[in-house]
J.: 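Okay, handing you the structure first.
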Amino acid sequence: MAATNIEIWQQGEIIEISQAANDIKKIVIRQSNPAKADPGSHIDLMVNVDGEMVRRSYSVASQSEDLRDLTLGVFLVPNSRGGSIAVHELAVGDQLDITQPLQNFPLRVGAERYVLIAGGIGVTAIMAMAAVLKRIGANYTLMYAARSKEAMAFREELQAIHGDNLQIFLDEDKNFIQIPELIASLDDNTELYICGPIRLMDAVRRIWLESELENTNLRFETFGASGWYDPEEFIVRIPAKNVEVLVGKQHSMLEALEAAGVDMLSDCRKGECGLCEVRVLSLNGRVDHRDVFYSERQKEQNEKISCCVSRIVTSESGLAADASGPAVVEIVTT
């Protein structure tokens, strides 16, 4: 759910690092120009990936009362674009450029009932919402799904705060959220907020859209690095502009095109608003759709791509066995 933000950059200092769960670090950053992080906020930060400064986004899990300190939970993803690896290498005392909190995933106060679904590290985007709903005495349920207890960041803290309002679902126990039954139990007085992997997001969104529930009562935030395949290098061409760009693993198509001087429209950079869409002319590979903007039918047609998050891959793409080199997509920009 995209919202307009004014980016204000500042200096951040790492003041605390600890282990929040397996492969997840709790990182506390002190703002040089403190600003409030409303529930659902994130910050963008610049980190060094293979000698190049790149921009990455992380949800704000909580904020100190004086507004100075922001807590993030960062999951180490070895096969991602490299941002989480760089963040896990930070140390207390390190300085980095960060934005003031930005908002693309706002909580609307006033609904009769709330269901919050957190999948894995998606809990960082949901935690502050749950804290507000607890504080105001709202009717809410927090559903937290993960592979195992050891993989659940902030689990003990959430259990202490939310008690019976918290429901835990563990893959290792074969205890999964029953999405069809859950959505069937809701009515138009309920708002559902979800953040998690693309598979969970797609499942919830598909069943919600098939129901008769109000579409605007489903609110979500997705991971830009959460896809069906590991990121690969691929080539994007714009024949009308005589442009050919190699998109590295650490960059999105949008970033690569911008770096090549192509004038691109964008807003959320999370695959939610559709503003950065491009039209596909030809494709040698498979589109790894990582957005939540297009319907399943639109994704199957592969006529358009949200270039801020989606990628082109060769793996499991059905290419000929002797195919070599990166996948290639030819596009038309809007």
Side-chain angles (χ1 to χ4, degrees), residues 2-20 23-64 66-105 120-128 153-154 195 221-226 231 248-252 254-256 258-259 266-272 290 308-309:
T4 300
N5 288 296
I6 298 175
E7 293 181 3
I8 300 176
W9 287 86
Q10 59 177 328
Q11 282 290 300
E13 179 184 358
I14 307 297
I15 64 168
E16 179 185 337
I17 298 177
S18 59
Q19 204 71 25
D23 296 325
I24 299 175
K25 283 192 175 181
K26 172 184 175 182
I27 297 177
V28 183
I29 301 179
R30 177 155 293 168
Q31 303 180 88
S32 61
N33 186 19
K36 189 174 189 303
D38 291 321
S41 295
H42 68 278
I43 61 169
D44 288 358
L45 49 83
M46 301 299 294
V47 291
N48 189 321
V49 176
D50 297 330
E52 181 181 0
M53 299 306 294
V54 299
R55 177 175 178 165
R56 295 292 182 262
S57 298
Y58 295 99
S59 298
V60 177
S62 63
Q63 183 175 33
S64 60
D66 62 7
L67 306 186
R68 298 176 66 196
D69 302 335
L70 305 173
T71 297
L72 315 179
V74 180
F75 176 49
L76 179 63
V77 187
N79 294 321
S80 72
R81 295 185 295 153
S84 67
I85 297 173
V87 173
H88 271 240
E89 292 174 349
L90 293 172
V92 172
D94 284 350
Q95 304 275 337
L96 64 164
D97 292 329
I98 66 171
T99 62
Q100 289 187 336
L102 303 169
Q103 179 61 273
N104 285 332
F105 189 37
I121 195 59
V123 72
T124 57
I126 295 294
M127 282 179 62
F154 309 108
C195 185
E221 185 171 56
T222 183
F223 304 155
S226 175
K249 294 181 181 180
Q250 73 272 29
H251 293 293
S252 68
L254 176 61
E255 291 169 338
E258 288 176 332
S266 67
D267 184 11
C268 74
R269 293 179 179 259
K270 291 175 174 287
E272 296 171 4
R290 300 180 172 206
C308 64
V309 292

J.: State whether a side-chain donor-acceptor pair under 3.5 Å links Asp44 with Ser57.
T.: yes
J.: More than 12 foreign heavy atoms under 6.0 Å from CG of Asp50: is that the case here?
T.: no
J.: Please lay out, stage by stage, how Glu13 and Arg68 fare under the test salt bridge (Lys or Arg N to Asp or Glu O under 4.0 Å).
T.: CA-CA 10 Å; Glu13 179 184 358; Arg68 298 176 66 196; over 6 Å; no
J.: Can you tell me how far OG of Ser62 sits from CG of Leu72, rounded to the nearest 0.5 angstrom?
T.: 9.0 Å
J.: I'd like to check Ile24 versus Leu76 (side-chain heavy atoms, cut-off strictly below 4.5 Å). Are they in contact?
T.: no
J.: Would you compute the distance between atom CG of Leu90 and atom CD of Gln95 and round it to the nearest 0.5 angstrom?
T.: 11.0 Å
J.: To the closest 0.5 Å, what do you measure between CD (Gln11) and CG (Leu96)?
T.: 7.5 Å
J.: Considering only heavy atoms from C-beta outward, does the side chain of His42 approach that of Phe105 to under 4.5 Å?
T.: no
J.: If you define the side chain from C-beta out and look only at heavy atoms, does anything of Lys36 sit under 4.5 Å from Pro101?
T.: no
J.: Is any side-chain heavy atom of Ile29 closer than 4.5 Å to one of Leu45?
T.: yes
J.: Please report the interatomic distance CE(Met127) to OG1(Thr71), rounded to the nearest 0.5 Å.
T.: 8.0 Å
J.: Are His251 and Glu52 linked by a side-chain donor-acceptor pair shorter than 3.5 Å?
T.: yes
J.: Side-chain contact, heavy-atom cut-off 4.5 Å: Thr124 with Tyr58?
T.: no
J.: Using atom types as modelled and distance alone, determine if a side-chain donor or acceptor of Glu89 lies under 3.5 Å from a backbone N or O of Ala86.
T.: no
J.: Residues in side-chain hydrogen bond (donor to acceptor under 3.5 Å, both in side chains) with Gln100, at least two apart?
T.: none
J.: So, Arg30 and Glu16, do they make that salt bridge, N to O below 4.0 Å?
T.: no
J.: Walk me through it: do Thr99 and Ile8 pass the test side-chain contact (heavy atoms from CB on, under 4.5 Å)?
T.: CA-CA 5 Å; Thr99 62; Ile8 300 176; over 6 Å; no
J.: Tell me whether Gln31 contacts the main-chain N or O of Leu70 through its side chain, where contact means a donor paired with an acceptor under 3.5 Å.
T.: no
J.: Please evaluate residues Val54 and Met46 with respect to the criterion side-chain contact (heavy atoms from CB on, under 4.5 Å), reporting the C-alpha separation (whole Å), side-chain torsions for both, the decisive distance (0.1 Å), and the verdict.
T.: CA-CA 5 Å; Val54 299; Met46 301 299 294; 5.6 Å; no
J.: For Gln63 and Asp69: C-alpha separation, side-chain torsions, deciding distance, then whether side-chain contact (heavy atoms from CB on, under 4.5 Å) applies.
T.: CA-CA 6 Å; Gln63 183 175 33; Asp69 302 335; over 6 Å; no
J.: So Arg269 and Glu258, salt bridge (Lys or Arg N to Asp or Glu O under 4.0 Å) or not? Walk me through it.
T.: CA-CA 13 Å; Arg269 293 179 179 259; Glu258 288 176 332; 2.7 Å; yes
J.: Check the pair Ser18 / Lys25 against side-chain contact (heavy atoms from CB on, under 4.5 Å), numbers first and verdict last.
T.: CA-CA 6 Å; Ser18 59; Lys25 283 192 175 181; over 6 Å; no
J.: Heavy atoms, side chains only, cut-off 4.5 Å: are Ile43 and Leu102 in contact?
T.: no
J.: Just how far is it from atom CG of Asp94 to atom CG of Asn48, taken to the nearest 0.5 Å?
T.: 11.0 Å
J.: Drop me the distance from Ile126's CD1 to Cys195's SG, to the nearest 0.5 angstrom.
T.: 6.0 Å
